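Worth saying up front: this structure is predicted, and the values here are computed from it rather than measured. Just so it is clear, the values below take in all heavy atoms, side chains as well, and ignore hydrogens, waters and symmetry mates.
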Amino acid sequence: MKHKFFLSLLLALVALCLLAQVPVTRNSTKPKAKPKTEQTAKPAPAKKKTNEPAKKKTNEPAKPSAAKRTNSSGATSSAANAKLTLNNLTANMVYVSGGTFTMGATSEQGSDAYNDEKPVHSVTLSSFYICKYEVTQALWNAVMGSNPSNWKGDDLPVETVSRDDCQTFIRKLNALTGKNFRLPTEAEWEFAARGGNNSRGYKYAGSNNIETVAWYQGNSGNKTHVVGTKSPNELGLYDMSGNVWEWCQDRYGSYSGASQTNPTGASSGSNRVLRGGCCGRSAWYCRSSLRIIGTPDGRNDGFGLRLVLSQL
């Protein structure tokens, strides 16, 4: 019995060893993937409320570069300067009280007087305003956007302008200011140059010594100078003698010996009058009664202008 038991036990052990050596084969079939289940997207967290206003979309262009901003600032500055120049114009208008004076070759003009300054005659004028300075290049440029002058400088008188140019300038100036600027009549110009009702009877505008009141051939170097740098006349007007010739409103014509009130020159003819002399002419041309002829479209570097208002 014992032998049978040990034999059965041995056979069982052998069977177990054989089973241990047999390779285990795995199922090569891949398990089916589980079907994906739809996931509901989680809502985005709500934005925190703030007190800042929502930014509006606009069609504004992007901010300019630094260079462009500089140019824009320069343009603004230029516009501001132009506005200031126009404002200063009204501030520089001098009131000339109306009165009666003797126009033409009066005694202080002496033997220098030319034939078209005669005969002397009595003229009565209404009150008006006249600018204490000749029109500067800064003012001309502010209105016209250009500068025709030969000698450049903001505070130099504008020159190389015809009477037609002056009329265009005045129309644009009046549109900008709402005023009624104009050229002076020849009688208004001479009355103002002589000092109006305050006249002391000088040969030149403000003195018998031309050096003190005028830029002329003898002291100018044959070029214009900054307005208002010589002494003014009795009304506080500068450069009525010398610097640049000044266009007048009138047609050129011969004088009459008859008394006149607010004369406006000859009734016909195309030539116009200039007054005051200039930096390139001798003292003879700078006398208060001297007059020269110019065509309406005539220009040279001695022709400029001064403005008048009948009322502010």
For the student: nearest non-hydrogen atoms of [X] and [Y], plus distance:
X	Y	result
G253	A266	CA-CB, 4.0 Å
Y216	A283	CD1-N, 3.7 Å
V94	K132	CG2-CB, 3.8 Å
A214	S241	CB-O, 3.2 Å

Quick one: which residue pairs count as a salt bridge (Lys or Arg N to Asp or Glu O under 4.0 Å) with a foot in residues 226-255, not counting sequence neighbours?
->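 Listed by first then second residue: E246-R306.
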Name all pairs fulfilling the salt bridge (Lys or Arg N to Asp or Glu O under 4.0 Å) condition that reach into residues 151-168, sequence neighbours left out, sorted by first residue then second.
-> D165-R299
Applying side chain to side chain contact (heavy atoms under 4.5 Å, CB included), run through T295 and R272 and close with a yes or a no.
-> CA-CA 6 Å; T295 59; R272 302 288 172 162; over 6 Å; no
Give a yes or no on whether [X] and [Y] share a hydrophobic cluster (residues Ile, Leu, Val, Met, Phe, Trp, Tyr; joining criterion: side-chain heavy atoms under 4.5 Å apart).
X	Y	value
V308	M103	yes
I210	Y238	no
I170	L309	yes
L84	L173	no
W151	V161	no

What residue pairs, at least two apart or across chains, pass ring pair (Phe, Tyr, Trp, His ring centres under 6.0 Å) with a residue in [range]?
range	answer
residues 173-203	F101-F191
residues 153-178	W140-F169
residues 254-302	H121-Y255

Given 3.5 Å as the limit, does a donor-acceptor pair link the side chain of [X] with the main chain of [Y], or not?
X	Y	answer
Q109	T106	no
N233	A192	yes
H225	N243	no

Could you give the distance from [atom1] ([X]) to [atom2] ([Y]), rounded to the nearest 0.5 Å?
X	Y	atom1	atom2	value
Q249	C166	CD	SG	10.0 Å
L156	N147	CG	CG	9.0 Å
R194	S289	CZ	OG	6.0 Å
E134	L305	CD	CG	8.5 Å
M144	Q137	CE	CD	13.5 Å
N150	T160	CG	OG1	5.5 Å

Taking transitive links into account, so neighbours of neighbours count too, which hydrophobic residues share a cluster with [X] at under 4.5 Å side-chain distance?
X	answer
W215	none
V120	none
V273	Y252, I293

Any side-chain heavy atom of [X] sitting closer than 4.5 Å to one from [Y]?
X	Y	result
M240	S288	no
V143	L86	yes
L183	C248	no
P263	V123	yes
I130	E188	no

In short, side-chain hydrogen bond (donor to acceptor under 3.5 Å, both in side chains) pairs touching residues 259-268 with sequence neighbours left out are S126-N262
So side-chain hydrogen bond (donor to acceptor under 3.5 Å, both in side chains) across residues 90-103, not counting sequence neighbours, yields Y95-S127, T100-T124
Would you please say whether a donor-acceptor pair under 3.5 Å links the side chains of N209 and S207?
->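 Note: N209 and S207 side chains miss the donor-acceptor criterion.
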Mind checking what makes salt bridge (Lys or Arg N to Asp or Glu O under 4.0 Å) contact with K203, not counting sequence neighbours?
->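 For K203 the salt bridge (Lys or Arg N to Asp or Glu O under 4.0 Å) partners, ignoring immediate neighbours, are D112.
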Salt bridge (Lys or Arg N to Asp or Glu O under 4.0 Å) filter on E186, not counting sequence neighbours, yields R275, R291
side-chain contact (heavy atoms from CB on, under 4.5 Å), paired with P157, selected from V226, L139, V227 =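 The side-chain contact (heavy atoms from CB on, under 4.5 Å) with P157 is passed solely by V227 among V226, L139, V227.
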For N219 and E211, run side chain to side chain donor-acceptor pair (under 3.5 Å): C-alpha distance rounded to whole Å, both residues' side-chain angles, the deciding distance at 0.1 Å, then the answer.
-> CA-CA 7 Å; N219 64 9; E211 294 290 338; 3.2 Å; yes
